Amino acid sequence: MTTEPLRIGNFSGFYGDRFDALREMLTGGDLDVLTGDYLAELTMLILARDRLKDPSAGYARTFLRQLEDTLGLAHDKGVRIVTNAGGLNPAGLADAVRELAVRLGIPLRVAHVEGDDLTARHPGSLAAHAYLGGFGIAECLRAGADVVVTGRVTDAALVTGPAAAHFGWKPTDHDRLAGAVVAGHVLECGAQATGGNYAFFAEHDPRDLRRPGFPLAEIHPDGSCVVTKHPGTGGFVDVGTVTAQLLYETGGARYAGPDVTARLDTVTLTQDGPDRVRIEGVLGEAPPPTLKVGRNRLGGFRNEVVFVLTGLDIEAKAALVREQMGDALATSPPAEVRWDLARTDRPDADTEETASALLRLVVRDPDQQKVGRVLSGAAIELALGGYPGFHVVAPPGKGSPYGVFEDVYVPHGDVDHVAALHDGRRITVDPPQDTAVLDAVPSPALPEPLPPGPTTRAPLGRVAGARSGDKGGNANVGVWARTDDAWRWLAHELTVERFRELVPEARELPVTRHALPNLRALNFVVEGILGEGVAAQARFDPQAKALGEWLRSRHADIPEVLL
């Protein structure tokens with residue numbers, strides 16, 4: 001077991017991230033391991049559709065193109081690469097990487113991890129994949145692999161695997177593994193940890209944010225780490241950027257995974273110098289007895305029309321369209337019809353665009369005919385017989401299929417987790433022997449509220465940051481304060497009831513609040529606000545990426561001492 005820190009960097013946060021980030025990370029400074037995260041719920045559906053057309057597909061082809069001019073550099077520098085770009089076909093991508101290495105004349109040891117694909121056990125699914133942990137990756141690295149390709153592992157497993165291999169951690173080293181999970185969660189979304197998508201971006205020089213660098217973590221044998229970035233790269237790393245990413249797509253104090261359950265309520269963050277944030281104190285618990293399986297299936301067919309309403313009588317024009325389209329669709333009504341009017345118009349506007357509102361009609365049905373030309377014909381036939389100024393953003397098509405994402409859970413033992421080594425050996429990764437059913441953490445003590453005083457009506461974002469995201473049909477909104485006094489106010493002001501007032505879309509939905517005092521943060525989970533997941537596109541912002549920014553824009557009576 002070594003005591004030397006492990007320097008792990010990230011070069012991809014999603015399928016489509018900055019193409020040259022791999023080269024930037026290899027040339028920007030010293031690293032031991034580089035991780036690339038390509039998978040999300042929607043990505044798995046995209047790859048599943050690719051595989052339907054071509055059984056040899058199903059992986060992120062971008063990764064291969066990134067390796068074309070960097071594989072030799074990584075080999076010369078001794079940097080090992082771990083990526084989930086294998087998607088639905090990790091063995092296929094591993095073979096393609098080997099072929100590339102042979103063509104480039106680079107001696108390379110490539111291994112892959114498999115066993116996550118449970119599609120055959122879930123009839124009707126386009127893809128059903130278990131979220132594996134990091135010990136298959138660790139086996140590949142311990143055997144000497146230079147590149148490890150996986151399918152659906154947890155995002156944090158890309159870090160826990162290398163850390164376990166480097167330090168010789170065992171599955172029972174819960175605190176150390178939990179620290180690595182937290183480090184992995186900070187790194188997984190790339191530039192979101194270095195100033196990207198950051199609530200308080202306006203306080204920084206825009207030149208620093210034009211091209212944020214990618215993050216890296218210096219992980220220590222006890223599981224603690226320092227998050228930083230290569231010198232001279234754009235963006236910034238501070239307690240705020242790390243807090244924001246820790247809250248992204250999480251729920252309560254227990255952050256469960258296949259290797260360990262990390263206690264987010266034990267995380268301590270301190271600024272450790274310019275662009276350096278130390279993470280320590282993370283406690284871990286045994287993982288839950290089941291593995292999450294992400295199941296993607298075809299939900300039906302979808303179509304939409306966006307009508308442009310300009311000038312006067314916007315509400316009356318919208319009402320007329322709805323009446324006319326209702327008559328046209330009455331003969332064979334789709335299963336779901338949704339109307340949304342976005343009042344983007346302004347009075348006495350100096351451009352036609354700013355004088356216009358958008359009326360969006362979305363229809364869904366298992367039968368493509370009901371959302372196809374019946375809809376498009378009805379909409380276009382109104383061109384000369386509808387409201388004054390009739391036009392649409394784009395002509396509707398014949399309707400397109402949409403996917404539905406669901407979570408199901410299976411015992412660890414139902415999954416054949418296998419490390420396929422570079423020398424042809426196959427090692428079965430045993431499930432954890434120590435597991436624990438997830439229980440709710442008791443509500444923590446809150447700080448004393450601020451004493452009464454004068455208030456000013458102002459946006460919540462004047463004193464609080466936020467970051468939001470999606471998990472299936474649910475959304476989370478993490479809200480944090482940057483000072484102790486702001487936390488004293490926020491912890492008592494932003495109750496579930498107040499959240500529902502500020503976010504009316506959540507008024508009729510289950511909302512759970514989780515307090516994380518160490519982070520001066522509240523995390524809200526809103527169930528069902530995204531319908532059947534991002535691929536179903538149930539709302540204007542289908543991944544809830546901007547839900548937190550909407551909340552920050554809402555006005556509240558804020559103590560003047562905080563402003």
Side-chain angles (χ1 to χ4, degrees), residues 10 13-14 17 37 40-42 155-156 181-204 209 212 214-215 227 229 235-253 255 262 264-265 267 269 277 279 459-472 474-483 486-487 490-491 493-494 496 499 502-503 505-506 511-527 529-530 534 539-554 556:
N10 170 280
F14 70 101
D17 209 345
D37 183 6
E41 295 163 359
L42 181 59
D155 300 338
V181 164
V182 169
H185 184 57
V186 174
L187 296 186
E188 69 185 53
C189 289
Q192 280 196 172
T194 58
N197 298 347
Y198 185 54
F200 299 106
F201 78 99
E203 297 176 1
H204 297 265
L209 294 174
F214 275 61
V227 176
K229 63 185 184 70
F236 55 95
V237 179
D238 63 18
V239 169
T241 64
V242 174
T243 298
Q245 181 55 28
L246 280 176
L247 295 173
Y248 181 64
E249 294 183 345
T250 59
Y255 185 55
L264 298 183
D265 55 343
V267 174
L269 305 179
V277 172
I279 303 177
L460 179 66
R462 291 282 301 277
V463 296
R467 179 163 287 166
S468 55
D470 65 312
K471 280 297 178 187
N474 302 337
N476 93 289
V477 185
V479 187
W480 80 94
R482 295 194 288 179
T483 67
W487 168 238
L490 183 71
E493 167 68 15
L494 197 55
V496 168
F499 180 91
L502 297 173
V503 182
E505 288 183 46
V511 178
T512 306
R513 184 181 104 150
H514 304 279
L516 300 168
N518 274 20
L519 300 177
R520 294 192 293 237
L522 303 171
N523 205 358
F524 294 87
V525 177
V526 186
E527 297 180 33
I529 193 169
L530 304 179
V534 55
R539 67 190 294 275
F540 168 69
D541 174 18
Q543 290 182 282
K545 297 294 188 183
L547 188 57
E549 286 301 294
W550 177 27
L551 175 66
R552 292 183 69 238
S553 74
R554 299 306 307 270

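Residues take their numbers from the sequence shown, with the count starting at 1. Here the structure is a predicted model, which is why all the values come from computation and not from measurement.
Under a cut-off of 6.0 angstrom, the local environment of CZ in F201 is sparse, with at most 12 non-hydrogen atoms contributed by other residues, nucleotides or ligands.
Closest approach of T250 and V525 over heavy atoms only: O-CG2, 4.3 Å. Of all the heavy atoms in D265 and A253, the pair that sits closest is CG-CB, 3.6 Å. Between P212 and A191 the shortest heavy-atom distance is CB-CB, 4.0 Å. Nearest heavy-atom pair, A464 versus V479, reported as atom, atom and distance to 0.1 Å: CB-CG1, 3.8 Å. The two residues I529 and A475 have their closest heavy-atom pair at CG2-CB, 3.5 Å. Taking all atoms of both residues into account, the shortest heavy-atom contact from L187 to P215 is CD2-CB, 3.7 Å.
Using a 30° and 60° split on the angle between ring planes, F200 and W480 fall in the perpendicular class, above 60°.
Within the structure, salt bridge (charged side-chain N to carboxylate O under 4.0 Å, His left out) contacts touching residues 183-196 (residues at least two apart or in different chains) do not occur. Applying the salt bridge (charged side-chain N to carboxylate O under 4.0 Å, His left out) test to every pair with at least one member in residues 514-523, sequence neighbours left out, gives these pairs: D484-R520.
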Requested in this report: Could you walk me through whether R539 and L547 pass the side-chain contact (heavy atoms from CB on, under 4.5 Å) test, one step at a time?
Outcome: CA-CA 11 Å; R539 67 190 294 275; L547 188 57; 4.0 Å; yes

Report task. Please test W550 against L502 for side-chain contact (heavy atoms from CB on, under 4.5 Å), starting from the C-alpha separation and ending with a verdict. Result -> CA-CA 9 Å; W550 177 27; L502 297 173; over 6 Å; no

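A donor-acceptor contact shorter than 3.5 Å links the side chain of Q245 to the backbone of H185. Side chain of T243 to main chain of V239: a donor-acceptor pair is present (N/O by atom type, distance under 3.5 Å, no hydrogens or angles). Here the side chain of T241 pairs a donor or acceptor atom with the backbone of A193 at under 3.5 angstrom. Looking only at distances, a side-chain donor or acceptor of N476 sits under 3.5 Å from a matching main-chain atom of L247. Of the possible polar contacts, none joining the S468 side chain to the V477 backbone as a donor-acceptor pair under 3.5 Å is found. For R482 (side chain) and G465 (main-chain N/O), no donor-acceptor pair under 3.5 Å exists by modelled atom type.
With rounding to the nearest 0.5 angstrom, the CG atom of L519 is 9.0 Å from the CH2 atom of W487. Rounded to the nearest 0.5 Å, atoms CZ (F540) and CD (E505) are 10.5 Å apart. With values rounded to the nearest 0.5 angstrom, Y248 atom OH is found 2.0 Å from K545 atom NZ. The CD atom of Q543 sits 8.0 Å away from atom CD of E249, with the distance rounded to the nearest 0.5 Å. Interatomic distance, CG of D37 versus CG of D17, reported as 9.5 Å (0.5 Å rounding). Here N523 contributes atom CG and L246 contributes atom CG; the two are 10.5 Å apart, rounded to the nearest 0.5 Å.
Within the cation-pi definition used here (under 6.0 Å to the ring centroid, within 45° of the axis), R513 does not qualify as a partner of F499.
Side chains of L460 and L490 form a contact here, defined as non-hydrogen atoms less than 4.5 Å apart. Side-chain contact check for V182 versus L264: some heavy-atom pair is nearer than 4.5 Å. Looking at heavy atoms from C-beta onward, N518 lies out of side-chain contact with V267 at the 4.5 angstrom threshold.
Every residue two or more places apart in sequence or in another chain was checked for a ring pair (Phe, Tyr, Trp, His ring centres under 6.0 Å) with F214, and none qualifies.
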